[in-house]
Structure formats: C-alpha cells, structure tokens
Amino acid sequence: MILNTELEYKGNLFPSKIISYQKNLDTLSFTTDNNVVLQITVQRDSILRFRYTTTGIFEKDFSYAITKYASKGYNFLEVTEDAEKYIITTSKIICHVAKLGMRTSLFDAKDNVLICEDELGFHWEESYELGGDIVKMSKSAQEGESYYGLGDKPVDNNLKGKRFENWVTDSYAYGKNTDPIYKAIPFYTGLHHKKSYGIFFDNTFRTFFDFCNERRNITSFWAQGGEMNYYFIYGPKMSDVVAYYTDLTGKPHELPALWTLGYHQCKWSYYPESKVKEITSKFRELQIPCDAIYLDIDYMDGFRCFTWSKEYFPNPKRMVKELADDGFKTIVIIDPGIKIDREYSVFQEGMEKDYFCKRANGPYMKGKVWPGECYFPDFTNPEVREWWSNLFKELVEDIGVKGVWNDMNEPAVMDVPGKSFPDDVRHDYDGNQCSHQKAHNIYGMQMARATYQGLKKFAYPKRPFVITRAAYSGTQRYTSSWTGDNVASWEHLTIANLQAQRMCLSGFSFIGSDIGGFAEQPNGELYARWIQLGIFHPFCRTHSSGDHGDQEPWAFGSNITSIVKKFIELRYQLLPYLYTAFWRYAMEGVPILKSLVLYDQSDAHTHYRNDEFIFGEKILACPITEPNAKGRRMYFPFGDWYNYWDDELIEGGQELWVDADLDSMPIFVAAGAIIPKYPIQQYVGEKNIDELVLDVYFKLGEETSQVFEDAQDGYDYIKGRYSLRNLKLLGKETSLIIQQFKSGKYTTSYETLKIKFHGLPFKINKIQIDNEVVLFKDAKFSGENTIVISKEFTELHITA
Ligand code: MIG
C-alpha cells in the first residue's frame with residue numbers, strides 16, 4: 001500500500017474560458033468552463049464592482065463597509081461582444097472582459113485611455129489549512145503610475161515600490177514604515193497620465209497590497225480568505241475618486257458638535273479629581289482655549305468598564321457638572337475587555353445573555369488586558385451591540401459624559417502571540433458566523449459602532465462623539481480616530497503629518513495624532529512644532545503616556561506656552577472655516593486635508609510631496625519637522641498664495657524657502673479666498689458671536705468660498721436650520737465685487753460682517769452695497785482696509 005500524506009500543491013489556478021454570460025438589471029455574470037463566475041455590478045457610472053467565485057456559487061452578500069446610503073444608479077449601460085471579449089460601457093467607463101482567461105481592462109469612456117488593466121488578473125490558490133481560497137489579483141502598472149491611500153500606513157505619501165499588509169494591530173511605539181498598525185483600510189488610488197482611479201478591496205481577512213515591489217511593473221492585492229470582491233472607482237479627478245469611495249463606505253452620519261473641533265487635553269491618566277481640576281483651572285487661568293478633558297483607564301474601579309473609582313472620583317456627576325460649567329466636556333475611555341468578576345454586573349449580564357466571544361470548541365475567549373483576565377463582547381452580533389449601547393445610559397444621560405474613547409479594540413490582548421485573539425475565535429458577523437480570521441479587522445469598528453449607537457441615543461438631542469483606535473473602511477460613519485501610540489520624536493511629527501493626510505485621502509477625515517507624542521517626552525520645541533501641525537488636523541488632542549513627565553501647553557516654559565497658546569487661538573479663530581470643511585466632507589465626501597497630489601494631480605511635482613497639504617479648500621500649510629529650524633523649503637502648488645503672517649504674495653509652481661521661527665510656521669492662503677473667523681474663545685460657546693470676520697484675499701479674477709454655520713450641536717441643521725453663505729469674489733485692477741448667495745433657515749447670532757481686505761491693489765475710494773453708496777463712517781472704514789457691513793448684503797462693490 002502506498003501512503004501519501006503530502007498535500008498536492010496545485011499552485012495558482014486561473015479562470016479558463018467564458019462559456020456563458022447573463023445580464024440581470026445592473027449585474028452582469030460571466031461563467032467559465034472551470035466554474036469561475038465573475039459578477040460585475042454597475043454601482044454608478046463611475047463605479048464597477050467585481051466579484052469572483054471559484055465554486056459557481058457566491059457567499060451571501062454582506063459588507064460592514066458599504067453603507068446603505070451609498071449612491072446607486074447609472075445613466076447608461078451597454079454590453080456588446082466580439083470574438084475575443086465582452087465590452088461593457090457606462091457613461092464614464094468602458095470595461096473589456098476577455099473571453100479566454102477572464103482578464104479585464106478598464107478605459108476612460110471619454111477618450112479611450114487605458115486606466116487599469118489585469119496582468120494575471122484574478123487567480124487563486126486553494127487553502128487546505130483555512131478552507132476556501134487565497135484570492136489574488138494582479139494588474140499591470142501603467143507608465144509613470146503612482147499610488148496613494150491605505151489608511152494609517154506610516155509611510156511617505158506615494159506608495160509605489162512598497163508592500164503592505166492589513167491586519168489591525170496594537171502597535172505601541174511604531175515607527176516609520178511599521179506595517180501593519182491599527183487600521184485596515186484596503187483602498188488605494190492610482191494616478192497616471194493625469195488620471196486617477198481607485199480600488200477598494202472589500203475583504204476583511206488579512207489582505208496584502210503590493211505596489212510594484214515584488215515585480216517592478218505589477219500591482220497586486222490578495223487576501224487569505226473570502227472573496228475577490230473589489231470596486232473600481234473612476235475619477236479621473238482623485239478628489240472625485242475619494243469622494244465616491246467615501247460615498248460608498250459612508251460619510252459621518254452627523255456633523256460633529258462644534259466643540260469637538262476645539263482643542264482637547266488628555267493624558268494617561270489625570271486622576272484624582274483634584275488633578276483634573278488643577279489641569280482645567282490652569283487652562284482658564286492662562287487663557288489657553290480648551291474644550292475637552294479626558295479620563296484614561298484609572299478613573300474606573302479596577303479597570304472595570306462603566307464603573308468609577310470611588311477613591312479618585314467620589315462623585316463623578318458633580319465633577320462632570322462642575323467641569324461643564326467651566327466649559328469642559330468630559331470624555332472617558334472604554335475598552336472592550338470585561339473583567340472576569342462574578343460581582344460585576346456587566347460581566348454577569350454578558351454571561352447570562354451569552355454575549356462573550358468563544359473559542360472554536362466552546363470555551364470563552366479569555367485574554368489578559370488592564371483589568372486582568374477578561375472576556376470580550378462579540379460586537380459583531382447586533383444584539384450585543386444593542387446591549388452595549390444601552391450600557392452608556394448612566395454615563396451619558398445621568399453623569400453627563402460627552403464623549404467616549406474606544407481603545408484596545410483591535411482587539412489587543414497582552415502577553416500572547418499576535419497580541420490579539422487567536423484565529424479560531426468565533427464571531428456572529430451579523431448572522432454570518434465565522435472565525436476571527438474574517439472578523440478581526442472589523443471587530444474594533446463594530447465596537448465603535450455600538451458605542452456610537454449608545455452615545456447617539458443618550459446624548460440626544462446633542463450629537464454623539466466617539467473616538468476609536470482600530471478601524472476598517474466605513475468606520476468614519478460613526479466615529480473620529482487617532483493614530484495610536486506614537487513617540488515624541490521629530491520623525492513622528494513627520495509620520496503624524498503623513499498619517500493624517502493619508503487617512504483623509506482614505507475617506508476618514510476626523511483624524512489626529514497624539515500631539516507631542518504618546519511615548520517618551522518631547523522638548524518644548526518639538527511640542528510647539530507639533531501643536532502647529534495639530535491645529536490643522538480635524539481631531540486636535542494632546543495625549544501622552546504620562547510616565548515621562550508633563551505634556552500640557554504650559555509644561556515647557558513660558559516661551560513655549562505663549563507659542564502654543566497663539567496657535568490654539570488660531571484654531572479657535574478658524575473654527576467656522578474648519579466646520580465648513582467638515583460640512584463639505586460630511587455632505588460630499590470631500591476630504592478635509594488634501595495632500596498636494598489630491599489638490600493638483602496634473603502637476604507632476606505634487607506626486608512625491610509629503611509635507612505640504614491643503615487644510616479645507618484654501619489654506620496651504622507646511623509643518624516644520626526639524627529642530628533648530630528658522631524656516632524651510634516647501635513647494636507651492638500652482639496659483640497665487642498669500643503668506644498668512646504678512647500678506648506677501650507668492651506665485652505657485654515652485655519650491656521656495658519660507659522663514660518660520662519657532663513662533664511661526666508656513667501658512668498660506670489662496671488668492672481669492674474668503675476665510676471666516678470667530679473671535680478667540682476659551683471654549684466653544686463661551687462667547688456670543690456678535691460679528692463674523694471675513695478675511696478677503698484679493699485676486700485678479702474669480703473665486704468662490706463658502707461659510708456654513710448652524711446651532712453648533714443638535715439636529716436642527718438636518719431640517720434646514722443652517723446658514724450657508726456662498727460668496728463669489730470678482731477682482732479687477734481697480735475694483736472688487738463680492739456677491740453673497742444665502743441659503744438655509746438658521747439665523748446667526750450676529751448682525752454684521754467685518755470684512756478685512758488683504759492684498760488690495762488699490763486704495764478704497766467708494767463702497768457700494770446692493771447698488772447704493774455707503775458712507776465710510778457707516779461702514780466703519782478708517783483706512784485700515786476693514787469695513788463692517790450687514791450680514792444680509794447681496795453685493796458689495798468697492799472701487800478705487
Ligand atoms: O496599553 O489606556 O493607545 O492612548 O492612553 C495601553 C492607556 C492602553 C493605549 C492607548 C493610549 C492609552 C493607553 N492605552
């Protein structure tokens with residue numbers, strides 16, 4: 001008898017010849033004679049979904065990433081064939097599917113330029129260990145192609161030449177190029193011949209992306225299980241690709257309360273209560289604006305979630321109220337690990353209701369985290385999410401906590417290989433039971449989602465606020481995020497900049513880093529430089545591990561304190577500008593930070609830039625990321641730019657030296673921009689806004705700007721109670737016209753606009769509003785290039 005226990009190695013397997021084709025409304029199916037089916041679904045004219053199975057049968061179609069609000073529908077669809085291929089045409093894309101081998105090529109429908117083309121195309125390897133297939137896709141890189149995106153990768157903007165893995169991982173003190181780290185966002189954009197497209201590989205298993213690393217002209221992606229299931233998204237503008245991806249995986253379900261865009265102060269940990277109060281009082285004493293104060297794990301009783309340490313926080317409700325009276329919102333951390341403790345109600349309930357994750361053969365998934373041995377709720381079960389959301393009732397409704405910070409939700413487990421659950425742990429996956437291999441990358445997302453549901457319920461009628469560390473595509477619908485345990489080093493300041501830009505390009509704009517660094521301690525110079533970058537990040541929070549000394553704005557001497565104060569004040573002045581950018585992100589998926597390549601992809605100089613970025617629509621910022629710098633060189637994208645500090649005009653399309661001592665940083669405003677500003681407040685809502693400042697930057701020609709305002713919290717804006725000013729500027733040699741188109745039913749608290757002109761090439765001789773001449777004294781014009789006019793104006797006309 002011959003015994004053979006060696007596995008037969010079949011290697012890569014390929015689709016053979018297409019033998020049948022079917023069209024069912026928006027879905028086209030192609031079947032090969034070796035039983036591979038390719039389903040192409042037309043999501044929109046510019047989005048095609050490609051789904052493959054090797055068994056003739058597809059899994060149940062389920063995705064945590066795709067939102068039910070995603071736009072669907074197309075204007076045009078035609079399928080034809082010739083001897084070699086099928087040809088699918090929408091109004092934006094032409095797709096060829098080869099009859100032999102099933103390879104696809106995608107073209108711009110307008111000019112027939114080849115955008116994206118299979119090399120080997122779809123292929124697979126059978127996986128004896130895991131069952132199913134390792135699914136693979138390879139594409140030919142086009143000439144001069146660059147790649148961007150992939151979530152939180154701490155690498156240079158352009159991904160070309162690198163290989164990555166997506167497996168959500170607790171990564172204390174990660175460094176440049178560490179991979180993978182906390183997030184799995186399997187979405188990238190490609191750019192060549194000035195045209196951009198995106199690929200979203202919606203597969204939650206461990207996935208890999210190779211951008212011309214293994215083979216010089218080949219880009220590939222693959223997963224350790226599940227289906228080859230990806231969306232091809234065509235621009236050709238990269239900003240549209242990102243907006244379409246964000247539409248598909250979801251925009252934030254509501255605008256953030258304005259205060260969440262203020263400055264946040266955090267540390268591991270501020271306790272007891274007296275320490276918290278000492279910190280908050282110091283902010284007010286020094287008049288450094290701050291809206292939120294954080295309680296890290298030590299506020300709890302033995303790290304039991306939803307409890308308080310009686311010793312450190314004897315009366316949380318009173319404390320939270322007192323902090324609120326002083327303008328501080330209290331935010332608390334909540335981890336997934338539930339302490340094994342029969343006296344602890346959350347543990348009891350989780351046991352009674354069978355809500356904790358289990359191993360393949362039945363035992364609970366036991367793991368050590370801060371509380372000691374813990375069990376972990378299966379957040380992939382909708383009933384568990386509902387239960388979890390209700391646990392926030394007391395914290396939010398009764399005690400008055402305003403935000404919840406989800407940490408360790410990769411999930412992180414201490415002292416075990418892989419620092420997480422083993423692969424065999426079972427998950428409900430919303431009724432699609434599976435192992436941790438499939439659920440790992442979305443576990444943290446589902447925890448954040450359940451937390452969000454709780455906040456939404458109990459903070460009502462105010463808006464929810466959640467922060468998460470782990471994320472998968474689509475998590476941006478529920479929560480903000482930070483970049484995890486970084487380090488107080490100059491290199492990490494660069495990394496924070498790259499990560500925030502990359503997250504914005506990956507559909508997740510509500511992002512920030514631990515300002516100053518989590519591990520180790522920055523010196524004052526590094527801290528000041530980091531604050532300068534941090535005020536341009538949508539989420540703006542100082543956080544540190546605390547074991548290396550203090551990291552508050554005043555911890556580095558009075559010189560640094562005043563620099564930090566100045567920049568946090570600038571953040572507060574720019575709140576209406578940032579809020580407007582956030583509104584555009586939440587409505588249209590426009591990223592809040594734009595890497596230069598996303599801002600102007602037609603300029604090849606932008607393809608490898610890392611440091612400069614556009615904040616909102618009109619502000620160009622570039623952090624100083626080296627010690628002892630008196631300035632730096634930076635690239636100016638095309639257009640004219642005003643230096644924010646002295647209004648000097650700079651012509652774009654070149655690299656220049658910019659002075660920036662420690663009390664300054666390179667900030668520029670696009671010519672023609674109208675930037676709204678609020679007065680400096682110690683916290684959002686401290687002052688009644690009784691005048692809106694509009695900084696108007698002259699341009700020869702036309703430009704439009706927007707200002708979006710509402711009640712700053714609550715849901716009335718959804719019912720139309722917002723104020724949107726569309727402002728159109730038209731500059732000529734001797735005149736400037738600003739037209740205002742207003743919409744929305746919200747009445748702003750102020751009656752007047754204070755307009756400050758920058759770079760006016762002429763002396764104001766005449767002011768007209770809505771075709772009537774206005775006296776200088778009525779417009780409070782005193783020669784300073786500042787006038788005050790009614791907020792209701794429709795046309796302002798100033799002339800030499
Ligand atoms: O094992 O809660 O990233 O922000 O301060 C460390 C303590 C757990 C990691 C988080 C960090 C937080 C810390 N946490």
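Heavy atoms only: backbone and side chains are in, while hydrogens, waters and symmetry mates are out. As the structure lists them, so they are numbered: ligands from 1, and atoms in each ligand from 1.
- At the top of the distance list for atom 2 (O) of ligand 1, counting protein heavy atoms only, stands D296 OD1, 2.6 Å.
- The nearest heavy-atom contact from the protein to atom 3 (O) of ligand 1 is D485 OD1, 2.5 Å.
- Near R469, meaning under 4.0 Å from any of its heavy atoms, are these atoms of ligand 1: 3 (O), 9 (C), 10 (C).
- Of all atoms in ligand 1, listed by their number and element, those nearer than 4.0 Å to a heavy atom of W482 are 3 (O), 4 (O), 10 (C).
- Atoms of ligand 1 found under 4.0 Å from any heavy atom of W370, numbered from 1 in the order shown, are 1 (O), 6 (C), 8 (C).
- Heavy atoms only, all atoms of each residue included: V396 and A459 are closest at CG1-N, 3.7 Å.
- The ligand atoms of ligand 1 that sit less than 4.0 angstrom from a heavy atom of W405 are 4 (O), 5 (O).
- Near I297, with a cut-off below 4.0 Å to any heavy atom, the atoms of ligand 1 are 2 (O).
- Between Y585 and F582, the distance from one ring center to the other falls under 6.0 angstrom.
- A side-chain donor from one of S481 and K183 sits under 3.5 Å from a side-chain acceptor of the other.
- Under a 4.0 Å heavy-atom criterion, F303 is not in contact with ligand 1.
- A donor and an acceptor atom, one from each side chain of R385 and Q446, are located under 3.5 Å apart.
- Checking side-chain atoms of N486 against main-chain N and O of D514 turns up a donor-acceptor pair under 3.5 Å.
- Remark: distances from the non-hydrogen atoms of Y172 to ligand 1 are all 4.0 Å or more.
- Compare D170, I333, D407 by their heavy atoms: the one nearest to atom 10 (C) of ligand 1 is in D407.
- The aromatic ring centroids of W405 and H543 lie less than 6.0 Å from each other.
- For atom 4 (O) of ligand 1, the closest non-hydrogen atom on the protein side is H543 NE2, 2.9 Å.
- Aromatic ring centres of Y299 and Y271 lie farther apart than the 6.0 Å criterion allows.
- If you look at Y294 next to ligand 1, there are no close heavy atoms at all, none under 4.0 Å.
- Between the side chains of T249 and Q476, at least one donor N or O lies within less than 3.5 Å of an accepting N or O.
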